[in-house]
Amino acid sequence: MAGARAAAAAASAGSSASCGSSSPQEPGFGELLEEFSRTQYRAKDSSGSGGTKIERIEKRCLELFGRDYCYSVIQNVNGEICGHYPRHIVFLEYESSEKEKDTFESTVQVSKLQELINRSKMARCRGRFVCPVILFRGKHICRSATLAGWGELYGRTGYNYIFSGGADDAWAAEDITEEDCALRSADTHLFDKVRGHDIKLLRYLSVKYICDLMVENKKVKFGMNVTSSEKVDKAQRYADFTLLSIPYPGCEFFKEYKDRDYMAEGLIFNWKQDYVDAPLSIPDSLTCSLNIDWSQYQSWDLVQQTQNYLKLLLSIVNSDDDSGLLVHCISGWDRTPLFISLLRLSLWADGLVHMALQPAEILYLTVAYDWFLFGHMLVDRLSKGEEIFFFCFNFLKHITSEEFSALKIQRRKSLPARDAGFTLEDICMLRRRDRGSTTSLGSDFSLVMESSPGAAGSFTYEAVELVPAGAPTQATWLAALSERETRLQEVRSAFLAAYSSTVGLHAAAPSPSGAIGGLLEQFARGVGLRGTSSSTL
């Protein structure tokens with residue numbers, strides 16, 4: 001496909017296409033956070049006078065995607081497909097550079113993709129179908145909700161059949177055929193139908209790996225199995241896929257994170273709760289190279305658990321095969337964007353995706369698209385103190401090392417032995433006066449203020465050194481690692497500075513030092529970001 005498709009041809013296929021576009025007036029990251037913390041995104045509510053900000057955010061996302069990718073857009077303008085998915089769902093076809101265009105070519109026809117989406121949307125919770133969101137080496141990394149159980153499936157189809165589409169994320173009445181109504185008396189036949197469409201969509205996107213983050217086998221409400229998951233499908237319809245059950249705490253657990261003054265170290269989920277019945281299950285073929293004792297997962301704190309799960313996901317997408325990955329939790333708008341965002345940022349930091357984007361731009365894209373436009377309920381989560389959104393970006397400090405890099409295998413195979421006269425330990429032992437400014441992000445050594453536990457309820461600060469920009473180039477692997485660390489720290493710094501001026505953090509209880517109340521304020525001043533206009537972040 002040469003260049004962008006004609007708009008008329010795209011419209012006839014139910015989508016539009018782009019291979020880059022002119023930049024719209026760029027909304028700032030502070031503006032995005034303010035809108036995000038004020039309202040939950042709903043596709044059908046994003047028009048009229050109240051939709052101006054949303055429209056600017058959507059246009060900004062399309063412009064950022066277009067920097068590196070040729071893409072098509074599947075239209076969801078009034079939430080016809082899914083009420084809490086973007087109005088303009090981006091399907092990345094291939095990287096727009098000539099080198100990547102020759103290496104990977106999309107085999108997906110967008111009109112066919114949209115047909116499969118329309119058929120499969122009933123199969124998953126809240127209609128949140130399998131949606132590709134990241135393109136990495138020709139593989140699609142997708143997100144969705146879990147499978148709909150009979151309670152939700154019958155409830156939603158019945159509700160819409162009678163009331164003709166009253167809910168935001170329900171299916172339209174015209175989707176309910178006489179055949180559907182007749183099949184309601186037989187669960188197996190109905191599940192064969194809707195889950196069959198879901199499986200066709202997964203196969204069309206070449207997805208092989210399905211990572212399920214639920215801590216339950218099925219979600220039960222009012223004594224009814226509302227949702228299910230692939231791992232407990234009685235008919236084993238998903239047996240041809242590689243299923244991974246990697247239970248991860250839901251958003252409610254992040255209230256404990258906030259109540260511990262935002263300290264994830266030492267915070268361990270209670271796996272003995274009655275509703276927790278999904279064990280960790282990963283094929284041995286995917287774990288042998290990771291050097292992780294997975295049998296100890298219930299003893300991991302939140303930091304170690306998130307790190308190990310991210311290592312697993314990165315190893316899957318970085319494998320030699322051409323298969324894609326699906327990540328989902330229950331509704332697909334809390335834990336799912338957490339790991340999708342970490343995957344996008346980690347691969348970007350290695351220079352493997354979104355290569356044209358600067359730190360502030362990739363931050364904007366992942367917050368706007370992966371979180372806001374996919375329906376994360378930040379307003380509700382903030383009101384309950386469930387700070388999973390903040391945790392995601394504060395967690396970037398824990399994934400800066402080479403062990404999270406998708407480049408490490410290539411470096412170990414291809415690079416010569418490093419100069420024994422200049423080691424990483426040598427750099428880390430440099431005296432403070434040789435390292436440059438502690439406040440300037442542009443200095444040779446950028447120092448990022450980190451919070452660390454001191455006495456109960458108080459915080460101390462330590463400087464975490466970044467490798468100097470002017471380090472000798474003999475150790476190429478070290479230079480690459482330095483760039484990864486620097487890029488992730490810049491994203492985290494920009495996020496914390498903007499978050500401090502819009503949303504802010506609040507202590508669970510007053511502390512003698514009052515440190516937590518001003519945590520982000522002190523951070524922003526410490527790295528020289530306080531006073532910067534939020535519209536330029």
Side-chain angles (χ1 to χ4, degrees), residues 27 29-46 51 53-54 57-58 60-61 64 76 79 81-90 124-134 141-146 167-169 211 213-214 219 227 248-255 257-258 262 306 326-345 362-396 491 495-496 498-499 502-505:
F29 184 62
E31 176 185 332
L32 169 62
L33 282 184
E34 287 176 355
E35 181 67 18
F36 194 9
S37 62
R38 185 185 65 83
T39 184
Q40 183 190 12
Y41 174 83
R42 290 179 173 84
K44 74 170 189 176
D45 296 336
S46 300
K53 290 183 180 179
I54 304 298
I57 292 170
E58 292 168 336
R60 178 66 169 149
C61 287
L64 292 174
N76 181 41
I81 308 176
C82 180
H84 289 122
Y85 269 14
R87 295 193 305 171
H88 310 293
I89 299 171
V90 175
R124 293 190 174 265
C125 176
R126 303 180 186 275
R128 295 172 67 89
F129 57 86
V130 174
C131 185
V133 288
I134 301 174
I141 301 174
C142 306
R143 63 182 293 170
S144 73
T146 192
D168 290 339
D169 49 10
C211 292
L213 296 162
M214 294 171 61
K219 185 69 174 179
T227 68
Y248 189 83
C251 60
E252 299 87 355
F253 182 63
F254 290 83
K255 174 67 162 57
Y257 168 64
K258 174 184 178 295
Y262 304 90
T306 309
L326 169 65
V327 179
H328 75 75
C329 50
I330 296 178
S331 294
W333 54 29
D334 289 303
R335 289 166 285 186
T336 298
L338 166 64
F339 282 99
I340 290 295
S341 200
L342 290 177
L343 276 170
R344 193 185 299 276
L345 289 169
I362 190 67
L363 173 61
Y364 189 99
L365 178 64
T366 189
V367 170
Y369 196 73
D370 296 330
W371 290 86
F372 178 60
L373 294 178
F374 270 89
H376 177 65
M377 302 169 66
L378 183 61
V379 179
D380 176 78
R381 303 304 184 244
L382 290 174
S383 69
K384 297 175 181 176
E386 298 168 352
E387 297 264 17
I388 188 171
F389 173 65
F390 175 81
F391 170 81
C392 176
F393 295 93
N394 194 41
F395 184 77
L396 294 178
V491 170
F495 174 83
L496 292 178
Y499 199 91
T502 53
V503 181
L505 292 181

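This chain uses plain numbering: 1 for the first residue, then up along the sequence. These figures come from a predicted structure and were not determined experimentally.
Judged by distance alone, the side chain of T502 and the main-chain N or O of A498 form a donor-acceptor pair under 3.5 Å. Of the possible donor and acceptor atoms, none in the side chain of R42 sits under 3.5 Å from a partner among the backbone N and O of G79. Put simply, the side chain of N76 gets close to the backbone of C82: a donor and an acceptor are under 3.5 Å apart.
A salt bridge does not link K255 to E252: none of the charged side-chain nitrogens sits closer than 4.0 Å to a carboxylate oxygen.
In this structure, F495 and F29 have tilted ring planes: the angle between them lies in the 30° to 60° band. Using the six-membered ring where Trp is involved, F36 and F372 have ring planes that are perpendicular, over 60° apart on the 30 and 60° scheme. Aromatic ring orientation, F395 versus F391: tilted (interplanar angle from 30° to 60°).
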Exercise. Take I388 and E386 through the side chain to side chain contact (heavy atoms under 4.5 Å, CB included) test and state the conclusion after the steps.
Key: CA-CA 6 Å; I388 188 171; E386 298 168 352; 5.8 Å; no
Practice problem: Could you give me the CA-CA distance, side-chain angles and deciding distance for Y248 and F339, then say whether ring pair (Phe, Tyr, Trp, His ring centres under 6.0 Å) is met? | Solution: CA-CA 11 Å; Y248 189 83; F339 282 99; 5.0 Å; yes
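A distance of 10.5 Å separates CH2 of W333 from OH of Y85, quoted to the nearest 0.5 Å. Between atom CD1 of residue I134 and atom CD1 of residue I340 there is a gap of 5.0 Å, rounded to the nearest 0.5 Å. Here the NE2-CE distance, from H84 to M377, works out to 7.5 Å after rounding to the nearest 0.5 Å.
Geometrically, R143 engages F374 in a cation-pi contact, judged by NZ or CZ lying under 6.0 Å from the ring centre and within 45° of the ring axis. With Y364 as the aromatic partner, R60 meets the cation-pi criteria of under 6.0 angstrom to the ring centre and within 45 degrees of the ring axis.
The side chain to side chain donor-acceptor pair (under 3.5 Å) test applied to S37 returns no partner, not counting sequence neighbours.
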